[in-house]
J.: 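The following block contains the structure, expressed as structure tokens.
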Amino acid sequence: MLSYNFMSQAISLAKKGLGMTRPNPCVGALVVQKNKVVGQGTHLKAGEAHAEVVALKEAGALARNADLYITLEPCAHHGRTPPCVSSIVAAGIKRVFVAMEDPNPLVMGKGIAFLRENNIEVEIGILAEKAKELNLGFNCRMTLGRPYVRSKIAASLDGRTSLNNGQSKWISSEASRRDVQTWRERSCAILTGVGTVNYDDPNLTARRYGLDQQPLRVILDSHLRINSNSRILKQKNVLLVYGDDPSHKHDALINSGVTTLRLPLESNKINLHELMAHLATLEVNELWVEAGPNLNGSLLEQGLIDELITYIAPMLLAGNANPMFNNPILQLMENKINLAIQDVRRVGADLRIQSKVIKLDVD
């Protein structure tokens, strides 16, 4: 039971790095000597010391013959920092408890093997599921070659996201809009569509960060119809993704300092799988989507939404107001898309429902 308690503490330490360690995973570590914590560490920023190194440094000589609890397998390769397994061996650690193996192919069992080769006992799997939840984006990028995708949707009680004329300010409460900031801050990138940009002219900033520290903002614009005076185009760390340029706007956008990426079109829209693969090369772990029913529908239809964060407001928009998703169009109930609700809570006047997309129902 003590081992679970110590690993739970390590997971709590790891959570301190949420939104700060990108593109690295969040990791926490404890050094325990005779059932007493003598060192603890959190990885806080890519390029800085890893959690186990911080914990070992705090423990000092007390690390010899002690136990190390760590939420993710320690690295055995030279990256932005030296391999952590060497520090663990040098400190004289006797046993290492690892919540989960690192899915990074550069590590993936090599750290555990190195420790065992150096006569350190290793136990794997304590609170593994909780550890996986910490780094859904990192795990997804390493195993599926794409980011973990969360889509935020503000909707009325009847499931509408804007009036037919596009008006949507404001469906969600001010408290919900503040809550959105915490999700933006933890994300590596924010994705939106050109329709949202042209109609709402958003900044899509994480307010806690300075202009040079913003998540990457990605705008999908299949045919380069974006308003060249949009506020978001005046910012740094913005990527405009397009498919063709029928109005010959690209050169002017480039000359004004906009960073662009051309990707192939599929059914007259940006190929979303190509987009996800490219974002993975940019080390995007968690992708936060704030978009309308067209882009959300395409993502859902192609199986690219992993999680929904839905703010349900106590109002009705009725009639021909716009839905959450324009696609897919289902003809059979057996094709309904199932969700696993993870959390429901009150945020201001709204309900926030956090749910994961699981799979098509084939029962």
Side-chain angles (χ1 to χ4, degrees), residues 6-33 36-115 117-118 120 122 124 126-127 130-139 141-142 185-186 188 208-210 212-213 215 283-286:
F6 289 132
M7 189 62 78
S8 181
Q9 290 180 55
I11 288 172
S12 295
L13 287 169
K15 289 179 180 177
K16 294 181 179 180
L18 284 172
M20 300 169 62
T21 63
R22 58 188 184 219
N24 287 358
C26 300
V27 183
L30 287 180
V31 179
V32 177
Q33 179 68 264
K36 180 180 178 182
V37 176
V38 294
Q40 58 184 24
T42 302
H43 180 49
L44 292 176
K45 186 178 180 181
E48 295 185 358
H50 289 186
E52 54 270 53
V53 173
V54 175
L56 290 169
K57 184 176 180 181
E58 183 176 295
L62 293 175
R64 185 155 298 279
N65 293 318
D67 295 335
L68 174 66
Y69 289 80
I70 182 168
T71 58
L72 186 68
E73 177 184 2
C75 62
H77 68 288
H78 282 272
R80 292 180 177 92
T81 59
C84 294
V85 288
S86 300
S87 298
I88 295 170
V89 171
I93 289 290
K94 183 180 180 180
R95 292 187 300 179
V96 176
F97 296 86
V98 178
M100 62 170 287
E101 289 188 3
D102 192 331
N104 185 345
L106 293 173
V107 184
M108 199 179 287
K110 297 182 180 70
I112 291 167
F114 184 92
L115 295 176
E117 288 165 4
N118 283 272
I120 294 176
V122 181
I124 310 163
I126 298 175
L127 299 181
K130 288 189 175 181
K132 289 175 183 176
E133 285 290 321
L134 276 172
N135 294 300
L136 290 171
F138 180 79
N139 297 336
R141 178 164 66 88
M142 290 299 160
E185 288 166 4
R186 68 173 285 172
C188 299
R208 186 169 65 130
Y209 299 134
D212 293 334
Q213 300 171 298
E283 298 184 302
V284 172
N285 292 332
E286 294 187 10

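Counting begins at 1 with the first residue of the sequence. Quantities reported herein were computed from a predicted structural model and do not represent experimental measurements. The figures that follow rest on heavy atoms only: side chains count, while hydrogens, waters and symmetry mates do not.
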J.: Just jot down the salt bridge (charged side-chain N to carboxylate O under 4.0 Å, His left out) partners of E286, sequence neighbours excluded, or say none.
T.: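 Scan of E286 (salt bridge (charged side-chain N to carboxylate O under 4.0 Å, His left out), adjacent residues dropped) gives R150, R186.
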J.: What's the shortest heavy-atom distance between V37 and L30, and which atoms?
T.: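 V37 and L30 have their closest heavy atoms at CG1-CD2, 3.8 Å.
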J.: Quick one: does V89's side chain get under 4.5 Å of F114's, heavy atoms only?
T.: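 They are in contact (side-chain heavy atoms under 4.5 Å apart), so the answer is yes.
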J.: Can you tell me which residue among N24, T71, T21 is in a side-chain hydrogen bond (donor to acceptor under 3.5 Å, both in side chains) with H43?
T.: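 That would be N24.
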J.: Taking N118 for the side chain and I120 for the main chain, is one N or O donor matched with an acceptor at less than 3.5 Å?
T.: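 Not at all, since once roles are kept as given, no pair shorter than 3.5 Å links the two residues.
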J.: Name all residues meeting the side chain to side chain donor-acceptor pair (under 3.5 Å) criterion together with N285; count only those two or more places apart in sequence or in a different chain, and write none if there are none.
T.: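 Once residues adjacent in sequence are excluded, the partners of N285 under the side chain to side chain donor-acceptor pair (under 3.5 Å) criterion are R141.
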J.: Is the side chain of E73 donor-acceptor paired with the backbone N or O of E101 at a distance under 3.5 Å, no angle test?
T.: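 Absent.
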J.: Can you find a heavy atom in the side chain of I124 that is under 4.5 Å from one in the side chain of M100?
T.: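 No, too far: nothing below the 4.5 Å cut-off.
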J.: As a quick check of understanding, evaluate side-chain contact (heavy atoms from CB on, under 4.5 Å) for V54 and T42, giving each step before the final call.
T.: CA-CA 7 Å; V54 175; T42 302; over 6 Å; no
J.: Quick one: are L62 and V31 in side-chain contact, heavy atoms under 4.5 Å?
T.: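 SC-SC contact between L62 and V31 ruled out.
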J.: Can you name the nearest heavy-atom pair linking N65 to Q33, along with the distance?
T.: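 Heavy-atom minimum between the residues: O-OE1, 3.9 Å.
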J.: Restricting to non-hydrogen atoms, name the atom on G41 and the atom on A55 that form the minimum distance, rounded to 0.1 Å.
T.: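 Shortest heavy-atom separation between G41 and A55 comes out as N-CB, 3.6 Å.
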J.: Are L127 and S8 side-chain neighbours, meaning at least one heavy-atom pair lies under 4.5 Å?
T.: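 The answer is yes; the side chains approach within 4.5 Å.
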J.: Counting N and O atoms only, with roles assigned by atom type, does the side chain of N135 sit under 3.5 Å from a partner on the main chain of C26, one being a donor and the other an acceptor?
T.: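 Looks like yes, one N/O pair under 3.5 Å.
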J.: For the residue pair Y69 and F97, categorise the inter-ring angle as parallel (less than 30°), tilted (30 to 60°) or perpendicular (more than 60°).
T.: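 Aromatic pair Y69/F97 classed parallel.
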J.: Minimum heavy-atom separation for M142 and P103, please, with both atom names.
T.: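 So the two residues come closest at CB-O, 3.7 Å.
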J.: Determine whether a donor-acceptor pair (N or O, by modelled atom type, separation under 3.5 Å) exists between the side chain of K110 and the backbone of P105.
T.: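 Looks like yes, one N/O pair under 3.5 Å.
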J.: Under the side-chain contact (heavy atoms from CB on, under 4.5 Å) criterion, do L134 and K15 qualify, and how do the steps go?
T.: CA-CA 7 Å; L134 276 172; K15 289 179 180 177; 3.4 Å; yes
J.: Where is the tightest heavy-atom contact between L44 and G17, given as atom of each residue plus distance?
T.: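 Heavy atoms only, the tightest pair is CD2-CA, 4.4 Å.
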J.: For the CG atom of N139 and the CG atom of N104, what is their distance to the nearest 0.5 Å?
T.: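 Reported value, rounded in 0.5 Å steps: 10.5 Å.
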J.: Mind checking whether V27 and I70 have side chains closer than 4.5 Å, heavy atoms only?
T.: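 Yes, side chains in contact.
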J.: What are the two closest non-hydrogen atoms of E52 and L68, and how far apart are they?
T.: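 In terms of heavy atoms, the two residues are closest at CB-CD2, 4.2 Å.
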J.: Verify side-chain contact (heavy atoms from CB on, under 4.5 Å) between E58 and Q40, making sure each step is shown before the conclusion.
T.: CA-CA 7 Å; E58 183 176 295; Q40 58 184 24; 3.8 Å; yes
J.: Which residues satisfy the ring-ring contact (aromatic ring centres under 6.0 Å, His included) test with F138, sequence neighbours excluded?
T.: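 With neighbours one apart ignored, the set is empty.
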